[in-house]
Amino acid sequence: MADIRLTVDGSPHVVASATTVGAVLHGLGVEAVVARVNGEALRDLAWVPGDGDVIESVPIDTDEGRAVLRHSTAHVLAQAVQQLYPDAKLGIGPPITNGFYYDFDVERPFTPEDLEQIEGRMRKIVKERQRFSRRVVTDEDARKELAEEPYKLELIGLKGGAADTEGAEVEVGGNELTIYDNLRRGAASEWELVWKDLCRGPHLPTTGKIPAFKLMRSAAAYWRGSEKNQQLQRIYGTAWESEEALQAHLDLLEEAERRDHRRIGADLDLFSFPDEIGSGLVVFHPKGGVIKRVMEDYVRQRHIEEGFDYVGTPHISKQGLFETSGHLPYYADTMFPPMEMEGSNYYLKAMNCPMHNLIFRSRGRSYRELPLRLFEFGSVYRFEKSGVVHGLTRVRGLTMDDSHSYCTAEQAPAEIQHLLSFILSLLKDFGLDDFYLELSTRDDSSDKFIGSDEDWETATRVLEKAATDTGLQLVPDPGGAAYYGPKISVQAHDAIGRTWQMSTIQYDFNQPAGFGLEYQASDGSRQQPVMIHSAKFGSIERFFGVLTEHYAGAFPPWLAPVQVTCIPIRSENVEYLDKLAERLRGEGIRVEVDDSDDRMQKKILRAQQQKVPFMFVAGPRDVEAGAVSVRYRNGVERRGVPVDDAILEVSRNIAARLVEPDALNPDALVPPESATS
RNA sequence: GCCCCGUUAGCUCAGUGGUAGAGCACUCGCCUUGUAAGCGAGCGGUCGUCCGUUCAAUCCGGACACGGGGCUCCA
């Protein structure tokens, strides 16, 4: 048998022809689940390379390796479901971030008990070490073999044109149609066919190569992602390269749950959603109110420093305004229905820009005023569908830190750069420093977008350039633009790696035209400005929720509702702490004295649970010495700290906007102006 | 909007076709405490709302409200 030459992970090798890539890698002691061939498609290990092929091993603990593992596990899931529910029809079963799913058309939804049973059956299939065996079929044969699978038949018809269906490419995405057979070693040691699925592959060599998996939940999902289609029952699962990796993932989910802003909001008495008010409508309690006010005060201050004028507008408006702005035809469905009053229809506003446009238009404008920057906390109301409302991150009443910059087209690039760097510095001040940008553009095939191609092109280029200049990662988001123009959004990673859309910058040439906005140029002519929408937090509510989860409720001292809790050891020490608290208040520090009858240990517990950054504990010895014992919420404590030093330390922490109270290096802190004496 | 699940004291949750319980919180009393829960007593619920079935409904059925997990959507 002739030999062939291969390049394996960068090194040349000679092997016998007809050797599988799995055998080649095994011979070299390389662990892999699939192989990339000639820099292109991933292949099963059973694939046989030809002379001159370049092979890269794909280990299981890589993104691609896990995707193969998860897709293979999805097949095991589907086989288990069809064994237990022979009438179940198959939808699709792709890998997703951190896991996989498979959709089924079944008589009744799966219960948690069903999932346990299915998972048990899956473990049996894994134990059987079934082979995944690839087989190329013609369309005609595939139709014959899958005659009982209506959804698969539909996919065969879509082959090549299924790109619009997320997940479907793993079934029929290749150039040729393939079926993967699951083969089990029978009693007489021969391989017998136990299950098969239309699939592009690749797969693990056998089900026995699945190290760790777990079914997570079931839910309904529309076939091919359209709410016009039938709903299928989807089972979500996750699979990992080891039990340890699976456990780490489950731990992360538990941590996310522990950080859930809805739970923390209740535990720390920050906000609630009273049924009596309605779904998606938040009330902030006093402690949440402190955080919200500090956030707003800071952002307002920064806007003023950056040249914005603070304005105010009402919550409702006559219908005509939203016709002029162009919003109504597109977004009537997501606005609260109109109120009829004295012959006019009034709408709760769902956006602030039309009102700012009226401020711009309220008198003649000169080019000398541009860029004219208007800013406010504008409360808007959006009738989000009942199923999408979620805590603070998706609400029906929200307040945007909304700004609009009116400028000449020539000024726009500089203005956008200015806004972008402003946004990034602001986010960093709030402790978010891990983000990337997204550029949302128009979808040419949709009629949702208005304006000329040239204007869109210009606007998109300007945004793209500003985004690229930051050096941050830029991810395209085709079709995600607003109807009036493209946008950049800032996606921030929180403390456990989830991403959230926060700030946005949108370039708008349509509304200035709709409102007939104009300014007088230096040559005396009337010109139309462009407007740039931007929101730094996005919405105060969502930003509040994200911050809460980012810090798991342990807000930095400058944001913490209570910055210092004073804890007396004996009741006669209360007076001493009351006086100390007065001094702290005089320094603008938010302080409470816990004068309840509880033991001091219990008071410490309570302050810890409330994530208060500083505790000042004082007993007879401290009173004697004019000192306190300073305890930080990380458990570190220093005893016998002179009162003046303790106060100074707290005010320095606040002024420096430190994330965690820094006990040990107070000298390293930037002293605030008030503390220089 | 669609599918599934849930709703019992302020919170977390038991429980039953014959109108209910625990822990924490809260109130009061005792204790005077040195770095993550001292002891005791008490208060507190038309069992989400409405309509049905039943001699009798917190429990069974339906509708609605609110919440949760997804889908779809997100100016």
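Predicted model, so just to flag it, every value in this text is computed and none were measured.
- Comparing the C1' positions of rC3(B) and rG45(B) gives a spacing of 33 Å, expressed to the nearest Å.
- rU27(B) is paired with rA41(B) under the criterion used here, namely a Watson-Crick or G-U wobble arrangement in which both key atom distances are under 3.5 Å.
- Heavy atoms of Ser226(A) sit nowhere under 4.0 angstrom from any nucleic acid atom.
- Across all strands shown, His390(A) has heavy atoms under 4.0 Å from sugar-phosphate atoms exclusively, and none from any base.
- Residue Pro620(A) is classed as a base contact, given a heavy-atom separation below 4.0 Å to a base.
- Among the protein residues, Ser386(A) comes within range of the nucleic acid bases, having at least one heavy atom under 4.0 Å from a base atom.
- The gap from the P atom of rC26(B) to that of rG17(B) amounts to 35 Å, rounded to the nearest Å.
- Closest to the Ala219(A) side chain, of the nucleotides rU72(B), rC73(B), rG69(B), is rG69(B).
- Comparing Leu605(A) and Gly387(A), the nucleotide of RNA chain B nearest to each residue sits closer to the 5' end for Gly387(A).
- Here the nucleotide nearest the side chain of Tyr222(A), chosen from rA37(B), rA75(B), rC71(B), is rC71(B).
- With distances taken from any side-chain atom of Met600(A) to the nucleotides rA75(B), rC71(B), rU33(B), the minimum falls on rU33(B).
- For Arg570(A) against rC31(B), a side-chain-to-base donor-acceptor contact under 3.5 Å is absent.
- Distance from the side chain of Lys385(A) is smallest to rU72(B) among rU72(B), rC71(B), rA37(B).
- No contact: Ala266(A) has no heavy atom under 4.0 Å from any strand.
- Applying the 3.5 Å distance criterion, the base of rU35(B) shares a donor-acceptor pair with the side chain of Glu637(A).
- Across all strands, Tyr484(A) comes closer than 4.0 Å only to sugar-phosphate atoms, never to a base (heavy-atom distances).
- Within the 4.0 angstrom heavy-atom criterion, only backbone atoms of the sugar-phosphate kind lie near Lys602(A); the bases stay farther away.
- In this structure, Asp598(A) reaches neither bases nor backbone, as no heavy-atom distance under 4.0 Å exists between it and the strands shown.
- Considering only side-chain N and O atoms, Thr334(A) lies nowhere under 4.0 angstrom from the phosphate OP1 or OP2 of rA75(B).
- The phosphate of rG70(B) (OP1 or OP2) has a side-chain N or O of Arg217(A) nearer than 4.0 angstrom.
- When the nucleotides rU33(B), rC71(B), rA75(B) are ranked by their closest atom to the side chain of Lys487(A), rA75(B) comes out on top.
- For the atom pair OG1 of Thr565(A) and NZ of Lys603(A), the computed distance is 11.0 Å after rounding to the nearest 0.5 Å.
- Listed nucleotides rG70(B), rU35(B), rC31(B) differ in distance to Gln231(A); the shortest reach to its side chain belongs to rG70(B).
- Taking atom CD on Glu323(A) and atom P on rA75(B), their separation rounds to 21 Å, with Å as the unit.
- The separation of rU8(B) from rG67(B), taken at their P atoms, amounts to 14 Å, rounded to a whole angstrom.
- Nucleic acid contact for Tyr483(A): none, since no nucleic acid atom lies under 4.0 Å from a heavy atom of the residue.
- One atom, CD1 of Ile235(A), and another, P of rG70(B), lie 15 Å apart when rounded to the nearest Å.
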(message) Set out, in order, the CA-CA distance, both residues' side-chain angles and the distance that settles salt bridge (Lys or Arg N to Asp or Glu O under 4.0 Å) for Arg382(A) and Glu384(A), then state yes or no.
(response) CA-CA 6 Å; Arg382(A) 299 176 179 183; Glu384(A) 301 288 359; 5.5 Å; no
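- Under the 6.0 Å distance and 45° angle rule, Arg396(A) does not count as a cation-pi partner of Tyr381(A).
- Between the C1' atoms of rG40(B) and rU46(B), the separation comes to 32 Å (whole Å).
- For Val388(A), the side-chain atoms get nearest to rG1(B) when compared with the rest of rA75(B), rG1(B), rU35(B).
- Comparing rG34(B), rG1(B), rU33(B) by their closest approach to the side chain of Arg599(A) singles out rU33(B).
- Rounded to whole Å, the C1' atom of rU7(B) lies 12 Å from the corresponding atom of rU58(B).
- Look at the C1' atom in both rU54(B) and rC13(B): the space between them is 30 Å, to the nearest Å.
- Using a 4.0 Å heavy-atom cutoff across all strands shown, Arg262(A) reaches sugar-phosphate atoms only and no base atom.
- Nucleic acid contact class of Tyr236(A) (heavy atoms, under 4.0 Å, all strands): sugar-phosphate only.
- You'll find that the side chain of Ile569(A) is closest to rG34(B), out of rA75(B), rA36(B), rG34(B).
- Annotation: rG10(B) and rU27(B) have their C1' atoms spaced 14 Å apart (nearest Å).
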Distance-only donor-acceptor pairs under 3.5 Å for side chains of residues 479-487 of chain A, two or more places apart:
residue	atom	partner	partner atom	Å
Tyr483(A)	OH	Ser325(A)	O	2.8
Tyr483(A)	OH	His327(A)	N	3.3
Tyr484(A)	OH	Gln506(A)	OE1	2.4

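- For rG67(B), its base never sits under 3.5 Å from the side chain of Asp275(A) at any donor and acceptor pair.
- Note on Gln506(A): only backbone sugar-phosphate atoms sit closer than 4.0 angstrom, heavy atoms only; bases stay farther off.
- Look at rA9(B): it lacks any Watson-Crick or wobble partner with both distances under 3.5 angstrom.
- Ring pair Phe100(A)/Phe213(A): centre-to-centre distance not below 6.0 Å.
- Between rC47(B) and rU19(B), the distance separating the two P atoms is 13 Å to the nearest Å.
- Here rU58(B) sits opposite no nucleotide as a Watson-Crick or G-U wobble pair (both hydrogen-bonding atom distances under 3.5 Å).
- Note on Gln501(A): nothing from the nucleic acid sits closer than 4.0 angstrom, heavy atoms only.
- Searching all strands for a Watson-Crick or G-U wobble partner of rC64(B) with both distances below 3.5 Å returns rG48(B).
- Ring pair His261(A)/Phe271(A) is tilted by interplanar angle, where 30° to 60° counts as tilted.
- When each of rA36(B), rU33(B), rA75(B) is scored by its nearest atom to the side-chain atoms of Arg631(A), the top-ranked nucleotide is rA36(B).
- Here the OG1-CE distance, from Thr504(A) to Met400(A), works out to 6.0 Å after rounding to the nearest 0.5 Å.
- Side-chain N/O atoms of Arg234(A) include none lying less than 4.0 angstrom from OP1 or OP2 on rG70(B).
- Within 4.0 Å (heavy atoms only), Gly280(A) reaches sugar-phosphate atoms of the nucleic acid but no base atom.
- The NZ-C1' distance, from Lys228(A) to rC71(B), rounds to 14 Å in whole Å.
- Judged by the 6.0 Å distance and 45° axis criteria, Arg442(A) is not positioned over the aromatic ring of Phe449(A).
- Aromatic ring centroids of Phe544(A) and Phe284(A) lie under 6.0 Å apart.
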